[in-house]
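Below, chains carry the letters A, B, ... as their sequence lines are ordered, and counting in each starts from 1. What you see is a predicted model; the values in this text were computed from it and never measured. Keep in mind that the numbers below use all heavy atoms, side chains included, and drop hydrogens, waters and symmetry copies.
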Number of protein chains: 2
Amino acid sequence: MSLREKKAAKKREDILRSASLVIARQGYQHATMEDIAAELLMTKGSLYYYFKNKQELLFYCHDLILSKAISKMEKIQREDISAEDKIKKAIKAHVAIAIEEKEIFNLIIEPEQIFSEEHIGRIIEKRDRYTGFFDQFIEEGIRNGEFNLKQKKMARMMIMGAVNWTQVWYSAAGEYDKKEIQTIYAEYLVKMLV
Amino acid sequence: MSLREKKAAKKREDILRSASLVIARQGYQHATMEDIAAELLMTKGSLYYYFKNKQELLFYCHDLILSKAISKMEKIQREDISAEDKIKKAIKAHVAIAIEEKEIFNLIIEPEQIFSEEHIGRIIEKRDRYTGFFDQFIEEGIRNGEFNLKQKKMARMMIMGAVNWTQVWYSAAGEYDKKEIQTIYAEYLVKMLV
DNA sequence: TTGAAGATTGACTTGTAATTCAAAAAAAGA
DNA sequence: TCTTTTTTTGAATTACAAGTCAATCTTCAA
């Protein structure tokens, strides 16, 4: 990769980072291309040099987070610990993402409202890959007798839902800190499974 | 109330009903005043005769659903059954609302994105009144020994989150029907509390 | 040093949807 | 019926933000 290409790649990353930031502050609908550009001391015209349009910019923001999330899960998957500990770690990791990436994470929740056909397929696929890890951990626990439940899928959805919800109410200044939430969520939600 | 006033009141209700419908179909951002008017065989100019603006129209849609939800809870509250049964009924009721009112319910989740100061206060207040019922049921269960947990508030949030999430994935054509979801959610989530 | 490729600009176009409003139509009451 | 009030209309206005593009500036390799 030439110097120029490296620079361009870095710029793309910078844009994604700033876009994430602005979206986190203002929400997707209210974050304008101008706002995102301003954050980088650029003009919006430039953004279009790097990304075809707002939707595509969004798509890559989204994709970045999902990729990070998936690699966390892969790491957990490889660890040599009980299924219970795996699902607990997974819950904690998911809490962290939901809290730290607030608004962008929201997009993962409701892609249909924002993305068009072309992106949706890829998003759903990747999202399924992510949630699949939770299914695996649950199944592992059932197989080796740690857990006991029939409705695996619904249990997973309850867990995801509970955790995704933190995104709505969590505030850094609030009553609970992240660590507390992680611990308690992991503990309580696992009680559903055993 | 004169005939005229009654008619106007009825029209306001009709508008709220149609608006709910259109929003349920298209989501808030994509439901235009024109769409809402078309549903009623009116023109959008008329809507402004009954509601100051789109936001206010929305506010009343929202308020209507929340009112219905609260009165369901009040009914459960008055019943002479165990705390466990109360929370189970509450969960089932909440599942029903989340599924049936999909998009409008969404507004309850994220009012900050849409409403301005003037409405937000009233919304939050009413929403708190609603979630307060869940707190009451949980506390009741703790008091009389049915439940055993320290983190009441977080438990409530996990329950609400899990249930709110159904709204995202539930589809009438999908794998599970409403009743199934209600039963399993109530059963599993209560396992967290005991 | 220089000129071609790459990057940036900002004014402009476009599209959408909310909101306004004067005029017309409908309804009610005298 | 006639007059006044209420309701509806649809065309015009307004606001906002996405996306375009010709012109300009920057960079870097020769």
Side-chain angles (χ1 to χ4, degrees), chain A residues 1-23 25-62 103 107 113-119, chain B residues 1-23 25-62 103 107 113-119:
Chain A
M1 214 196 296
S2 75
L3 181 64
R4 268 238 158 91
E5 284 172 302
K6 273 186 205 155
K7 270 196 177 174
K10 185 179 172 305
K11 193 118 219 180
R12 279 174 67 94
E13 274 179 44
D14 285 348
I15 293 172
L16 289 179
R17 217 188 333 276
S18 293
S20 300
L21 206 77
V22 175
I23 292 164
R25 260 207 308 265
Q26 309 175 12
Y28 174 67
Q29 298 287 353
H30 299 104
T32 69
M33 291 298 266
E34 220 141 21
D35 295 333
I36 294 167
E39 183 70 29
L40 288 147
L41 309 177
M42 295 175 121
T43 56
K44 71 174 163 179
S46 270
L47 294 182
Y48 287 91
Y49 184 75
Y50 294 96
F51 296 93
K52 203 171 89 228
N53 53 35
K54 190 178 177 186
Q55 195 179 115
E56 196 179 285
L57 174 51
L58 240 293
F59 173 75
Y60 285 109
C61 282
H62 179 283
E103 297 295 332
L107 304 178
Q113 294 270 327
I114 286 157
F115 295 106
S116 61
E117 282 307 328
E118 40 165 337
H119 290 321
Chain B
M1 215 196 299
S2 75
L3 180 64
R4 269 236 158 91
E5 282 172 302
K6 273 187 206 155
K7 268 196 179 174
K10 186 180 171 305
K11 193 119 217 180
R12 279 173 68 93
E13 274 178 44
D14 285 349
I15 293 172
L16 290 180
R17 217 187 334 274
S18 294
S20 300
L21 206 77
V22 175
I23 291 163
R25 260 206 308 265
Q26 309 175 12
Y28 173 66
Q29 298 287 354
H30 299 105
T32 69
M33 291 298 267
E34 216 141 19
D35 295 334
I36 294 167
E39 184 69 30
L40 288 147
L41 308 178
M42 295 175 122
T43 56
K44 67 180 162 175
S46 271
L47 294 182
Y48 287 89
Y49 184 74
Y50 294 97
F51 296 93
K52 203 170 90 227
N53 53 36
K54 189 178 177 186
Q55 196 179 111
E56 196 179 286
L57 174 50
L58 239 292
F59 173 75
Y60 285 109
C61 281
H62 179 283
E103 297 296 331
L107 304 178
Q113 296 269 325
I114 287 158
F115 295 105
S116 61
E117 283 306 329
E118 39 164 338
H119 290 321

(request) At the 4.0 Å heavy-atom cut-off to chain B, mark where contacts on DNA chain C begin and end, going 5' to 3'. (result) C/dA17 to C/dA28
(message) So B/Tyr28 and B/His62, do their side chains get closer than 4.5 Å, heavy atoms only?
(response) no
(message) Under 4.0 Å between a side-chain nitrogen and a carboxylate oxygen: does that hold for A/Arg17 and A/Asp14?
(response) yes
(request) Starting from P on D/dT27, measure out to NZ on A/Lys6 and report it in whole angstrom. (result) 18 Å
(message) Without decimals, in angstroms, what is the distance between B/Asn53 CG and D/dT14 C1'?
(response) 15 Å
(request) Would you name the heavy atoms of B/Ala37 and B/Thr43 that are closest together and state the gap between them? (result) CB-C, 3.5 Å
(request) Can you see which heavy atom on B/Tyr48 is nearest to which on B/Asn53, and at what distance? (result) CE2-CA, 3.9 Å
(request) Could you state the atom-to-atom distance from CZ of B/Arg12 to C1' of D/dT6 in whole Å? (result) 16 Å
(message) Tell me which residues in residues 40-47 of chain A lie within less than 4.0 Å of DNA chain C, going by non-hydrogen atoms.
(response) A/Met42, A/Thr43, A/Gly45, A/Ser46
(request) Tell me which nucleotide among D/dC28, D/dT20, D/dT7 gets nearest to the side chain of B/Ala8. (result) D/dT7
(request) Send over the distance from B/Gln55 CD to D/dA15 P, rounded to a whole Å. (result) 17 Å
(message) Tell me the interatomic distance from A/Glu5, atom CD, to D/dT27, atom C1', rounded to whole angstroms.
(response) 15 Å
(request) Starting from P on D/dA17, measure out to OH on A/Tyr48 and report it in whole angstrom. (result) 12 Å
(request) Mind listing the closest non-hydrogen atom pair of A/Asp35 and A/Gln26 along with its distance? (result) OD2-OE1, 3.0 Å
(request) Answer yes or no: is there a side-chain heavy-atom contact under 4.5 Å between B/Ile15 and B/Tyr60? (result) no
(message) Any side-chain N or O of B/Tyr49 below 4.0 angstrom from OP1/OP2 of D/dT7?
(response) yes
(message) Expressed as a whole number of angstroms, how long is the span from A/Lys7:NZ to D/dT26:P?
(response) 13 Å
(message) It should be established whether B/Tyr50 places a side-chain nitrogen or oxygen under 4.0 Å from OP1 or OP2 of nucleotide D/dT8.
(response) yes
(request) Would you check if A/Phe51 and A/Leu16 make a side-chain contact, meaning some heavy-atom pair closer than 4.5 Å? (result) yes
(request) Report the relative orientation of the aromatic rings in A/His119 and A/Phe115; use parallel for angles under 30°, tilted for 30 to 60°, perpendicular for over 60°. (result) perpendicular
(request) Would you kindly check if the NZ (Lys) or CZ (Arg) of B/Lys52 is within the cone defined by 45 degrees around the ring axis of B/Phe59 and under 6.0 Å from the six-membered ring centre? (result) no
(request) In whole angstrom, give the distance that lies between atom CD of B/Glu34 and atom P of D/dG10. (result) 11 Å
